[in-house]
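First the structure, in the form of structure tokens, and then the observations on it.
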Amino acid sequence: MAPMAVSKCENKHFFNYLATYLFACVIGMIMLIFIPTQMDRVAEGLYNDNPQGFTNKLLQFWYSLDGTKMAYNLFPSFHCLNSTVSYLGVRKRKEIPLWYRIYSFVMMITVFLATLFVKQHYFLDIIGGAGVAIICYVVCMKYNLGRIFNKPIEFFKKLFTKKK
């Protein structure tokens, strides 16, 4: 929802928001490649071969989606990176209704807590994801890096504009 909400803002802010998301994902991917991390769920007491109860079975199913007994590529948390970029895009924007800005902040905090409570990430992974997002946002806004989209936009405008 955040990209749609931010698209209601002026073009400069929207394109800087998109640049923030793009650069944050690229930096996060580079970090995942060069700083590989993992979590041994068995050693942490999180994995159970014979879970009892619906919620434990659901949690074990969730773990099976990303490595079962070992979780890989934890730092930085892309869950937290994405939710932070989403919130930063709408915060302090008068074009966006206050209720949505509050909702976005609450959802960001909820994502942070959920990744901890479900044991998908360590606390440092959350700090890393949010940190990458904040740094990229500040840099993109300060240096107007959203201008990287100007040439492609001009190209498509020319391509789809009817000639008289």
Quiz item: Under a single-linkage definition using a 4.5 Å side-chain heavy-atom cutoff for Ile, Leu, Val, Met, Phe, Trp and Tyr, are Val6 and Phe23 assigned to the same hydrophobic cluster?
Solution: yes
Quiz item: Should the pair Tyr100 and Tyr103 be assigned to parallel (<30°), tilted (30 to 60°) or perpendicular (>60°) ring geometry?
Solution: tilted
Quiz item: Going hydrophobic residue to hydrophobic residue with side-chain gaps under 4.5 angstrom, can you get from Ile96 over to Trp99?
Solution: yes
Quiz item: Roughly how far, to the nearest 0.5 Å, is the CE atom of Met39 from the CZ atom of Phe75?
Solution: 13.5 Å
Self-check item: Criterion side-chain contact (heavy atoms from CB on, under 4.5 Å) on Leu145 and Leu22, from CA distance to verdict
Solution: CA-CA 11 Å; Leu145 297 184; Leu22 176 70; over 6 Å; no
Practice problem: Measure the shortest side-chain to side-chain distance between Met1 and Met4 over non-hydrogen atoms and say whether it is less than 4.5 angstrom. | Solution: yes
Quiz item: Honestly curious: do Val85 and Tyr143 fall in one hydrophobic cluster under the side-chain, below-4.5 Å linking rule?
Solution: yes
Quiz prompt | In one Ile/Leu/Val/Met/Phe/Trp/Tyr side-chain cluster, 4.5 Å: Met29, Phe34 | solution = yes
Practice problem: Using the six-membered ring wherever Trp is involved, compare the ring planes of Tyr17 and Phe14 and label them parallel, tilted or perpendicular (cut-offs 30° and 60°). | Solution: parallel
Quiz item: How would you list, by chain and number, every residue that makes a side chain to side chain donor-acceptor pair (under 3.5 Å) with Glu10, sequence neighbours excluded?
Solution: Arg93
Quiz item: Would you call Phe105 and Arg91 a side-chain contact if the rule is heavy atoms closer than 4.5 Å?
Solution: no
Quiz item: For Phe112 and Ile109, what are the C-alpha separation, side-chain angles and deciding distance, and is it a side-chain contact (heavy atoms from CB on, under 4.5 Å)?
Solution: CA-CA 5 Å; Phe112 290 1; Ile109 298 301; 4.3 Å; yes
Show every donor-acceptor pair shorter than 3.5 Å between a side-chain atom in residues 121-140 and any protein atom, with sequence neighbours excluded, or say none if there are none.
residue : atom : partner : partner atom : Å
His121  : ND1  : Leu74   : O            : 3.0
His121  : NE2  : Ser77   : OG           : 3.4
His121  : NE2  : His79   : ND1          : 3.4
Tyr122  : OH   : Glu44   : OE2          : 2.9
Asp125  : OD2  : Tyr122  : N            : 2.8
Tyr137  : OH   : Leu88   : O            : 3.3

Exercise. Apply side-chain contact (heavy atoms from CB on, under 4.5 Å) to Ile153 and Phe15, showing your working.
Key: CA-CA 11 Å; Ile153 289 169; Phe15 293 134; 3.0 Å; yes
Practice problem: Output, in order, the C-alpha distance, side-chain angles, deciding distance and verdict of side-chain contact (heavy atoms from CB on, under 4.5 Å) for Lys57 and Gln52. | Solution: CA-CA 7 Å; Lys57 288 180 181 178; Gln52 301 299 313; 5.9 Å; no
